[in-house]
Protein chains: 2
Amino acid sequence: MPRPSQRDRIVDAYVDHVVSEGPETVTLDAVAARAGVSKGGLLYHFGSKEALLEGMLERVRALTDADIATARAGAAAGTETVAHYYLRTSADDPARDSDFFRAMVAVLKVAATEEAAAVTARASMAAWQEVLAEETGDELTADLIAALGDGIYLRAIAGWRSSPLSRDWRTTLARLGVPERSEQCR
Amino acid sequence: MPRPSQRDRIVDAYVDHVVSEGPETVTLDAVAARAGVSKGGLLYHFGSKEALLEGMLERVRALTDADIATARAGAAAGTETVAHYYLRTSADDPARDSDFFRAMVAVLKVAATEEAAAVTARASMAAWQEVLAEETGDELTADLIAALGDGIYLRAIAGWRSSPLSRDWRTTLARLGVPERSEQCR
DNA sequence: GTCTATACGCGGATAGAC
DNA sequence: GTCTATCCGCGTATAGAC
């Protein structure tokens, strides 16, 4: 993979700052410093704070698409179901460090105030729900699994580290009658 | 019940503003205007923005205690289980207008930045989890139900209105083997 | 108790040097 | 491309009148 561009590194810094300090403390100065550029340098790449936010939303959209494609591929290959992939990457402790999880948490934090971020967050959530519904063939079950993932995200926002669910989500899936592996196609 | 004090009305306005506009747009001016007082008037009751936040956290703590007491009483009387009460007041559409739900959403939104709010949010979540675990006698089931409620809250933050789960949470509880009514004591 | 007036600092954004 | 210097508006908080 190509080395990250300057724009990418600035978005990284933005996400980092929102996740660790919260959206209300975000200043162009703080993000620039974290990215290792000056405020002027940042404003060359992103003409305004709003443009910077849009850069992060763009990234989350891309990561969502990529993540869903990965989940679909795994299900088609019979490696693991979409539901399994979804909870594994939401609930599992090691997954918390993934680019997608961190970026999504940042977007959700910002979504409390910025409608544009809320729109992107809902789109990502809706996309997952659609794939889950497709797999389970049942709207309610799909929504249930999605809601569990959403609960995990809320806990991340509130700084809640670990819970029985995050340690034992496989049992939960089993209780809901969701298999670990799908029947392999053809 | 006694008519709300001036302090109460200011906290109301604060909650309202955070829920509808988001925490980043909160200014003393905006809250004062919403409460129908001047900025000077607000600062007489709450000496600083931080004190205003503390006022809201205080209220959430009180509402949490009251809500849990109500749930416990209902379970003891055999009216409805704690789990049933919890999901009814989180998932049910009409419940979204309750003082507790709105205040909790406000605290969670602020918790993205303010650690004090995050502490209060986690305490409230932990308190519910404890009652649920007490009732179900199973940590994982309790956490599962709690996580569903948390998912509902996240969707509220992201502006997600209605979902299969919010319309059909009773079915979900049944699938998890949680009864609607508890055996009445003695 | 509640208001007005004001001090003061901070953050976003522009201009222009290098 | 990236930096420094600067302007300007907004938000918190205080002083003090009524």
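On a predicted model such as this, the values are computed, not experimentally measured, just so you know.
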dist A:Q129:CD -> A:R122:CZ (nearest 0.5 Å) comes out at 13.0 Å
Just the rounded figure in Å: distance from [atom2] of [N] to [atom1] of [X].
X	N	atom1	atom2	result
B:K39	D:dA13	NZ	C1'	8 Å
A:K49	D:dC10	NZ	C1'	13 Å
B:Y44	D:dA15	OH	C1'	16 Å
B:L28	D:dT12	CG	P	4 Å

* Asked: Is B:D93 salt-bridged to B:R96, going by a charged N under 4.0 Å from an acidic O?
  -> yes
Check your understanding: Does B:D143 come within less than 4.0 Å of A:R167, counting only side-chain N to carboxylate O?
Key -> no
message = If only side-chain N and O atoms count, and only distance matters, is there a donor-acceptor pair under 3.5 Å linking B:T64 with B:D67?
response = no
query: Is there a donor in the side chain of A:R175 and an acceptor in the side chain of B:T141, or the other way round, less than 3.5 Å apart?
result: yes
For A:D16, the side chain to side chain donor-acceptor pair (under 3.5 Å) test, sequence neighbours excluded, returns A:R102
Taking for A:D29 and for A:G40 the nucleotide of DNA chain C with the nearest heavy atom, the one nearer the 5' end belongs to A:D29
Between A:T25 and A:L43, whichever has its closest DNA chain C nucleotide further toward 5' is A:T25
Exercise. Indicate the ring-plane relationship of B:Y85 and B:W128, choosing parallel, tilted or perpendicular according to the 30° and 60° boundaries.
Key: parallel
What residues 106-119 of chain B contributes to the DNA chain D interface at heavy-atom separation below 4.0 Å is none
Can A:R155 and A:D150 be said to form a salt bridge (Lys or Arg N to Asp or Glu O under 4.0 Å), step by step?
CA-CA 9 Å; A:R155 291 168 181 193; A:D150 293 345; over 6 Å; no
From the list A:R72, A:R170, A:R88, salt bridge (charged side-chain N to carboxylate O under 4.0 Å, His left out) partner of A:E80 resolves to A:R88
In the 5' to 3' direction, the nucleotides of DNA chain C bounding the stretch that comes under 4.0 Å of a heavy atom in chain B are C:dG1 to C:dT4
For [X], which contact category applies under a 4.0 Å heavy-atom criterion: base, sugar-phosphate, or nothing?
X	result
A:V31	nothing
A:T27	sugar-phosphate
A:L42	nothing

